[in-house]
Every structure is written in C-alpha cells, then in structure tokens.
Amino acid sequence: MTEFTAEDSDPSFEWGVSTAAYQTEGAFQEDGKGLSIWDEFANRSGKTYNNQNGNQACDFYHRYPEDLSIIQQLDIPNFRFSIAWSRVLPQGIGTPNQAGIDFYDRLIDGCLERDIEPWVTLYHWDLPLALHQRGGWTNRDIVSWFVEYVELTVGRFKDRVANWMVLNEPMVFTGAGYFLGIHAPGKRGMKNFSAAVHHAALCQAEGGRVIRDLHSTAQVGTTFSCALVESASPSRQDVRAAQRVDALLNRLFIEPSLGRGYPIDQFPALSRLQKYMKPNDEDLLKFDFDFIGLQCYTREVIRYSWSMPYIFARQVSPQKREVPTTLMGWEVYADSIYHVLRNFHRRYHLKNIIITENGAAFSDSVREGKIDDYDRQQYLSSHIQACLRAKQEGVPLHGYFAWTLTDNFEWAEGYRPTFGLVHINFQTQKRIIKQSGRWYAKLIQHHLVPPNSRNMDI
Ligand code: BGC
C-alpha cells in the first residue's frame with residue numbers, strides 16, 4: 001500500500017467524487033420521467049457491449065441514501081452528480097415533472113444533511129428524446145430549450161446548491177454522438193457534428209449567463225475532456241497531425257468561451273462551423289466561468305494518416321506502443337494530467353481549475369468480501385501526485401474529484417469497465433467499498449498527500 005506523508009496540504013482544496021445521472025440512476029421510466037437519447041440508444045440492439053443499458057444501472061434513484069451514507073462514511077466532502085433533464089422536464093420543455101424535481105430535492109437535502117457539498121452538472125449527455133426528435137443539438141432552437149431547463153433547475157435548487165457545471169465534456173458528446181455515431185443519438189458526419197458543436201458552445205455560455213443572473217453568488221463552471229497530445233515523431237506531418245488533434249480535444253470548446261473563437265488555424269476543417277454562426281455569435285460564445293473543470297484520463301500519441309477524413313491523423317495505440325493500459329485500453333500515464341494542467345494554465349491563464357474527473361477501470365475480484373484494487377489505488381495516487389506537483393508549480397488548481405463513486409454503466413462499454421471506489425454486484429445491488437475507496441478516504445481525512453509530490457523530476 002502507498003504510504004502517506006503529512007505535508008502542509010491546502011485545507012481549502014476541494015476533494016470529491018463524481019457521478020452522472022444516466023450512468024447511475026436507473027428508474028428510466030419511473031415517476032413520470034421522459035425518455036432520453038441514451039434510454040433509446042442503449043435499448044437499440046448492437047449499440048452497447050452485450051446490449052447492456054442503464055435502465056436499472058446502480059438503482060441510485062432508490063438507493064441514493066445508501067450511496068450518500070457511503071460518501072459520508074468515507075468523509076468525502078464534495079459530491080458531483082448530474083440532473084437528468086428528462087426527469088424534470090419529460091418533453092425537454094413545457095410541463096415540469098414534480099416527482100422528478102422532488103427526487104433532486106431529496107438528493108440535495110440528503111447531501112446537506114450529511115455535510116456533503118453538492119456540485120451539480122446540468123447536462124451529462126442525456127438529452128430528452130422529445131428534443132432529439134426536433135433535431136436536438138443540431139437545431140439552434142436548443143439554446144432556448146436549454147435556457148428553459150436551466151432556469152427551472154437553477155431557480156429551484158439555488159437555495160442549496162452553490163456549485164454548478166453547465167456541460168459535461170461537450171467534445172465527447174458531440175464527437176462520439178454526432179460524428180462517430182458510437183454514442184447516443186448515433187448520428188454521423190461532419191454536418192451533424194459542426195451544427196452540434198456550435199449549438200453546444202452557445203449553450204455552454206448561455207447556460208453560464210442564466211445561472212449567474214439567477215444566482216449571483218454561485219460558482220459557475222463547465223467541464224472539458226482533455227489529454228496530453230504528443231506527436232509520434234518530429235516529422236512535420238506528424239507534428240501538424242498532433243496539432244489538429246490537440247485543437248479538437250483540448251481547444252475547441254474553451255477557446256470560444258474565452259473570446260478566441262474556434263481554433264480554425266490549427267484545424268482548418270473546423271471552418272465548417274462558420275456556416276452555423278450568426279452575426280454576434282462570437283460574443284454569445286463568451287462567458288467568464290468562475291472555474292474550469294478538466295477531466296483527464298490518458299495521453300494520445302498521434303501520427304499523420306491520409307485515410308482519416310478531415311483530421312488526417314490517427315492514434316498510435318497504447319497496445320502497439322506496448323505501454324500499460326486500463327480496461328478501457330487507455331494508456332496509464334500520470335504525467336498527462338500534469339502537462340494538461342500546465343498547458344491550460346500557460347495558454348489561458350485560468351483563475352480556478354478543478355479536476356472534475358480522473359480515475360481508472362481495472363478488473364476487480366471480490367475475495368472474502370473484499371476488493372484489493374491496488375492498481376486503481378496506484379493510478380489515483382500517481383495522478384494526484386502529478387496534480388499536486390502542477391499546483392506547487394503555480395497552477396491554480398483548487399480541487400480534485402475522483403471518477404467515480406460506484407461501478408456504473410460506462411456508456412457504449414456497458415458494465416464491463418469498472419471505475420468505482422465502491423464495487424456493485426449488479427445482480428443484488430450490494431455495495432462493497434474497495435481498498436482504493438478506503439485509501440482515498442484516508443488521504444482526504446488526514447490532509448495527507450502521497451509521497452514524492454514535491455520532488456519528482458519534471
Ligand atoms: C465521462 C464519464 C465517463 C468517464 C470514463 C468521462 O468521459 O464524463 O461519464 O464514464 O469519462 O469514461
């Protein structure tokens with residue numbers, strides 16, 4: 001087991017754990033909830049691993065008191081979860097569903113009763129199906145639909161929720177859902193992608209404005225997926241290919257919010273977004289977030305490829321590079337999160353960064369009622385060390401949230417990759433806290449940090 005050292009850690013640092021509605025709640029048709037694009041997609045044949053779906057997931061809708069008590073038992077002070085849009089507004093707009101609102105009321109109250117600070121993500125990929133049927137993210141009307149949803153939820157919960165995140169990883173839900181078709185709603189192509197990107201970027205800023213108008217003391221954030229992108233060789237072609245991937249993965253959504261527009265210089269194919277822009281949109285894309293949530297799991301090594309349309313780049317797989325990976329096939333490379341933090345700080349001079357997700361899927365085995373997941377603990381330890389190193393070097397990093405509380409529905413990958421600090425037997429819904437969960441609790445409780453965070457080579 002990793003030893004701890006009692007360093008002078010920052011007592012105001014926000015330690016937490018993150019989850020998302022579709023991956024955990026289940027109860028997909030209960031108490032008046034409307035369907036979302038994920039309810040539809042995951043129940044279509046052949047779209048997910050073994051045709052698994054989130055219909056029941058972790059049954060968090062019914063078992064949230066038990067899960068909140070686990071968070072309390074582990075003394076994790078902050079809990080990030082998302083609101084399912086179609087639970088509070090079954091058709092996406094129009095008549096709210098009181099039972100859905102009541103659920104989030106109970107959940108938020110349940111956090112506060114246990115001294116857990118709620119951090120709410122407004123959109124973690126589960127668009128109401130009724131809105132998808134009207135074009136969803138490809139229809140510019142989504143900006144007004146989203147405003148209606150944000151006004152309802154923030155208006156209702158602002159008395160108890162101070163920390164809000166507008167979108168979760170817009171690059172992933174537009175890229176996987178509207179370009180590659182491997183996530184809901186299964187759309188493909190540059191046209192769908194370009195429209196979805198621009199409308200998501202508008203909602204990102206507009207959502208921020210609505211929260212700030214309704215709740216002037218709120219901490220308003222949003223989250224981005226990001227990765228260290230390196231070129232496979234120093235050749236000009238590979239370096240350029242890596243720049244295009246970097247523009248897509250790390251710059252596409254943050255730069256318009258900062259008033260820099262889309263990173264078309266680095267990735268010219270993004271000029272297609274301009275078709276969806278109206279006069280004044282550059283201003284509408286801007287919003288000064290109180291914090292930026294970064295979510296980093298791995299690094300990408302990139303080489304030029306003529307066969308990949310638009311991007312002309314391809315990942316050199318971790319398997320080919322013979323480096324250690326997680327169950328997702330993602331390289332384990334803790335320095336990625338360190339460089340991502342440094343790069344975002346250097347490029348954008350952000351005032352407040354929070355790692356809103358980081359974690360790993362490894363296979364777990366239950367032995368005598370225990371799970372000794374040393375590999376996950378090592379992953380978390382090395383990544384937390386890398387984060388703290390960046391912080392010590394001046395990056396304004398103010399929090400770290402582990403992904404995730406319990407094993408859950410990992411989108412197209414189903415229940416196979418387990419990221420939780422807590423194991424779930426999905427037949428019985430019985431929870432067992434893993435060794436990594438106990439380790440994380442100890443790290444937080446004693447204001448301790450893993451060793452070597454000060455003296456690692458850069
Ligand atoms: C998402 C989570 C997901 C995690 C691991 C992030 O992209 O926000 O919903 O489960 O990564 O893949």
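Numbering of ligands and ligand atoms starts at 1, following listing order.
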query = Can a donor-acceptor pair be found between the side chains of His383 and Tyr297 at a distance below 3.5 Å?
reply = no
request  = May I ask you to identify the nearest protein heavy atom to atom 9 (O) of ligand 1, giving residue, atom name and distance to one decimal place in Å?
outcome  = Gln23 OE1, 2.7 Å
task = Could I get the full list of side chain to side chain donor-acceptor pair (under 3.5 Å) partners for Asn343, not counting sequence neighbours?
result = Arg346
request  = Provide, to 0.1 Å, the distance between atom 6 (C) of ligand 1 and the closest protein heavy atom, together with that atom's residue and name.
outcome  = Glu357 OE1, 3.0 Å
query = Atoms of ligand 1 less than 4.0 Å from Phe419 heavy atoms?
reply = 5 (C), 12 (O)
request  = Measure the distance from atom 12 (O) of ligand 1 to every protein heavy atom, then report the residue, atom name and distance (to 0.1 Å) of the closest one.
outcome  = Glu410 OE2, 2.6 Å
ask   = Is the Trp125 to Tyr123 ring centre distance short of 6.0 Å?
value = no
query = Quick check, are the ring centers of Phe103 and Tyr64 under 6.0 angstrom apart?
reply = yes
key: Protein heavy-atom partner closest to atom 4 (C) of ligand 1 - residue, atom, separation in Å   = Tyr297 OH, 3.4 Å
request  = Could you establish whether His124 and ligand 1 come within less than 4.0 Å of each other, counting only heavy atoms on the residue side?
outcome  = yes
request  = Report yes if Asn168 has an N/O atom closer than 3.5 Å to an N/O atom of ligand 1; otherwise report no.
outcome  = yes
request  = Scan side-chain atoms only and decide if Thr138 and Asn192 contain a donor-acceptor pair under the 3.5 Å cut-off.
outcome  = no
task = Can you see which heavy atom on Asp126 is nearest to which on Ala21, and at what distance?
result = OD2-CB, 3.9 Å
ask   = Which residue and non-hydrogen atom of the protein lie closest to atom 7 (O) of ligand 1, and at what distance in Å?
value = Glu169 OE1, 2.5 Å
query = Do any nitrogen or oxygen atoms of Trp330 come within less than 3.5 Å of a nitrogen or oxygen of ligand 1?
reply = no
task = Check ligand 1 against Gln295 and write out every atom of the ligand that is under 4.0 Å from a heavy-atom position of the residue.
result = 8 (O)
key: Polar side chain donor-acceptor pair, Asn168 to Arg80, under 3.5 angstrom   = yes
